[in-house]
Amino acid sequence: MTSICTVTTYTLRKAAADKVRTDLVVIGVVTDKSGALVAAPGGESVAAAYGRSFAPLLGSAGFSGSPGEVTKVQTHGTLNASQLLVVGLGDRDGLTTEKVRRAAGAAARSIGNVASVALALPAVDPEHIRAVLDGFASGLYRFDTFKSAPRRSQVADVVVISDAARRADAIAALNAAIIVADLTSRARDWVNTPPNALVPMQLAEEIRRLTEPTAVEFELVTAAQLKKLGCGGILAVGAGSANPPCLVKLTWRPQDARGSVALVGKGITFDSGGLTIKPGGSMPAMKSDMAGAAAVVAATVAVAALDVPVAVTAYLPLAENMVSGSAMRPGDVLTMLSGKTVEVLNTDAEGRLVLADALTMAVRDEPDVIIETSTLTGACVVALGDRIAGLFGDDTTVAEVYASAARTGELFWHLPIPAEQRRSVRTESKVADLLQHNWVRWGGALYAAAFLEAFVDDVPWAHLDIAGPSWNAGGPWGYVPSGATGFGVSTLVDLVAARAAD
Ligand code: BES
Ligand code: MN
Ligand code: ZN
């Protein structure tokens, strides 16, 4: 692996859960048809060690086995570990990989201050081993870079217990999960970083530092170069900020590549709305408006670390949407990289402007498919809530995203690009080729998608609107922390990897 590393070491071991000598052991509990509490696969030996007192012990702690519920039990010599953490997995018949992933995340948030942990969760095959590790590593995530108090120590050793521990595919699954978990954490760190500490060129520098020790090539297109190229969208959005915009291009070129994927990610380091300014309350979370770019960078580096034999080129337009005497105005007409002109009616619809230029660059490189991800519209959050991403594109590519998401547990919902929005984008400006925004209140996510579609030509593509699930304004749940979630990293990696297998 590369220099990307966690402070936590993960190992896979075949062992009996009641015999492992870690500070804490985690098991899952399901409910059977009669509602009785039963140890889930992996935890049987622990239940056996307690004998008949197992279910009553949990019951007296008020534990009912519902998904994500946790309770800690002192072991008093019943097990070799000094503490037992029990996590609910719900109905035995309804047990899914995603429930295991969420339970592992809930467990990670409840381990307390321990040095070593054994996970005796249902890790019956490589897919479940991945889920246990994904969930646990993700649940351990904390962001305290900007706190002056010293970090609480992180658990040093995590043992994943599995009967499949010696299988090569199980070890590969563990290693893949570690890589994806590490990079998901990195994406979260960037999204959580305050906007004064991560302006466009600083984010570009962070990306350079992350990719430097890897096989991913890094290329910076500066504002001056964007101007020479004619990237009118990115330049206009960045024009109001003292911090210049730029574009980062990453390339992963494996030998004997089986096809190519272009990834595009929105990288607005802060979105004030510009002159069409946002209300104060909705501004602080707009440091997360580069979550698409963060997810794309993390996924690209993960694909390279996993040595996936599919070429990936990533395009990250980075800009800060601010207010000043040099800011873009409503009414401005921009000439985009594609040559098309765009009439701007709302400076807060900036994402589609930077993405249009990045999509044109991607199209010119002739990839097999373009996957673009962005915190694009509040309307998408209104439509689908904050746990489900909007999914747009041609039917084949949409099906491909759905197939990957079914494996990673991330949630997407296919939304249409109606002919009426397409018509409005392409015909309703009186002065330019395309209209950026039409002030119709309904279906804003669809209008944004229709606008992007005007820049992808005939290349198969998908647009993932992650405005909702990229940021968790509430408390943690499952493996999802409060704040940045890293949404999209695992699905993008899976999608590229699946293309290698086809
Ligand atoms: N970055 C926002 C979208 C957003 C909203 C992300 C809420 C995360 C949470 C985007 O640039 C934006 O402001 N979109 C506008 C579009 C509108 C002006 C057509 C919006 O959603 O209001
Ligand atoms: Mn905006
Ligand atoms: Zn935005």
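Whatever order the structure lists ligands and atoms in, that order sets their numbers, starting from 1.
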(message) With side-chain contact (heavy atoms from CB on, under 4.5 Å) as the criterion, how do M201 and L220 come out once you've worked through the C-alpha distance, each side chain's angles and the decisive distance to 0.1 Å?
(response) CA-CA 9 Å; M201 288 295 276; L220 176 69; 4.0 Å; yes
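- Those atoms of ligand 1 with a heavy atom of N346 less than 4.0 angstrom away are 18 (C).
- With 2.8 Å as the limit, G351 does not count as an N, O or S neighbour of the Zn ion (ligand 3).
- For T347, the side chain to side chain donor-acceptor pair (under 3.5 Å) partners at least two apart in sequence or on another chain are T276.
- Shortest contact from atom 20 (C) of ligand 1 to any protein heavy atom: G378 N, 3.8 Å.
- For ligand 1, the polar-atom distance check against T377 finds no nitrogen or oxygen pair separated by under 3.5 Å.
- Atom 10 (C) of ligand 1 has L376 O, 3.3 Å as its closest protein atom, hydrogens excluded (heavy atom only).
- D289 places no side-chain N or O within donor-acceptor distance of the main-chain N or O of M286, the cut-off being under 3.5 Å.
- Annotation for ligand 1: atoms under 4.0 Å from non-hydrogen atoms of K266 are 1 (N), 10 (C), 11 (O).
- Residue D289 approaches the Zn ion (ligand 3) most closely through its N/O/S atom OD2.
- Inspection of the S374 and E372 side chains reveals an N or O donor paired with an N or O acceptor under 3.5 Å.
- Here the angle at the Zn ion (ligand 3) defined by OD2 in D271 and NZ in K266 stands at 170°, rounded to 10 degrees.
- Residue E350 has at least one heavy-atom neighbour below 4.0 Å for each of these atoms of ligand 1: 11 (O).
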(message) Pair W461, F455 - check side-chain contact (heavy atoms from CB on, under 4.5 Å), show working.
(response) CA-CA 11 Å; W461 76 300; F455 294 87; over 6 Å; no
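- Using the six-membered ring where Trp is involved, Y141 and F143 have ring planes that are parallel, under 30° apart on the 30 and 60° scheme.
- For atom 22 (O) of ligand 1, the nearest protein heavy atom is 4.0 Å or more away.
- In terms of protein heavy-atom proximity, atom 16 (C) of ligand 1 is closest to R352 NH2, 4.0 Å.
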(request) Start with the C-alpha gap between T313 and D365, add the side-chain angles, then the distance that decides, and say whether side-chain hydrogen bond (donor to acceptor under 3.5 Å, both in side chains) holds. (result) CA-CA 9 Å; T313 310; D365 290 341; 5.5 Å; no
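- Counted by atom type alone, Y447 and E420 present zero donor-acceptor pairs between their side chains at under 3.5 Å.
- Near T375, meaning under 4.0 Å from one of its heavy atoms, ligand 1 places the atoms 1 (N), 2 (C), 3 (C), 6 (C).
- With the Mn ion (ligand 2) as the vertex, OE1 (E350) and OD1 (D348) define an angle of 120°, rounded to 10°.
- Take the N/O/S atoms of D271: the one nearest the Mn ion (ligand 2) is OD2.
- Looking only at protein heavy atoms, the nearest one to atom 17 (C) of ligand 1 is H437 CE1, 4.3 Å.
- When D289, T276, V237, L345 are checked for heavy-atom proximity to atom 1 (N) of ligand 1, D289 turns out nearest.
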(message) Pair T341, D433 - check side-chain hydrogen bond (donor to acceptor under 3.5 Å, both in side chains), show working.
(response) CA-CA 5 Å; T341 56; D433 300 333; 3.2 Å; yes
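- Closest protein heavy atom to atom 2 (C) of ligand 1: D271 OD2, 3.6 Å.
- W477 has its side chain within reach of R387: a pair of non-hydrogen atoms, C-beta onward, lies under 4.5 Å apart.
- Atom numbering of ligand 1 starts at 1 in the shown order; those under 4.0 Å from a heavy atom of M286 are 1 (N), 4 (C), 5 (C), 6 (C), 7 (C), 8 (C), 9 (C).
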(request) Evaluate the criterion ring-ring contact (aromatic ring centres under 6.0 Å, His included) for residue pair F412 and F392; output intermediate values, then yes/no. (result) CA-CA 10 Å; F412 292 84; F392 302 81; over 10 Å; no
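- In terms of protein heavy-atom proximity, atom 15 (C) of ligand 1 is closest to D348 O, 4.0 Å.
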(message) R102 vs E98, test: salt bridge (Lys or Arg N to Asp or Glu O under 4.0 Å). Steps then yes/no.
(response) CA-CA 6 Å; R102 291 183 187 186; E98 179 61 9; 2.9 Å; yes
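- At a threshold of 2.8 Å, the Mn ion (ligand 2) has no backbone or side-chain N, O or S atom of D289 nearer than that distance.
- Looking at E428 and R423, a side-chain N of the basic residue comes within less than 4.0 Å of a carboxylate O on the acidic one, giving a salt bridge.
- For a distance bound of 2.8 Å, the N, O or S atoms of D348 include none lying that close to the Zn ion (ligand 3).
- Take the N/O/S atoms of E350: the one nearest the Zn ion (ligand 3) is OE2.
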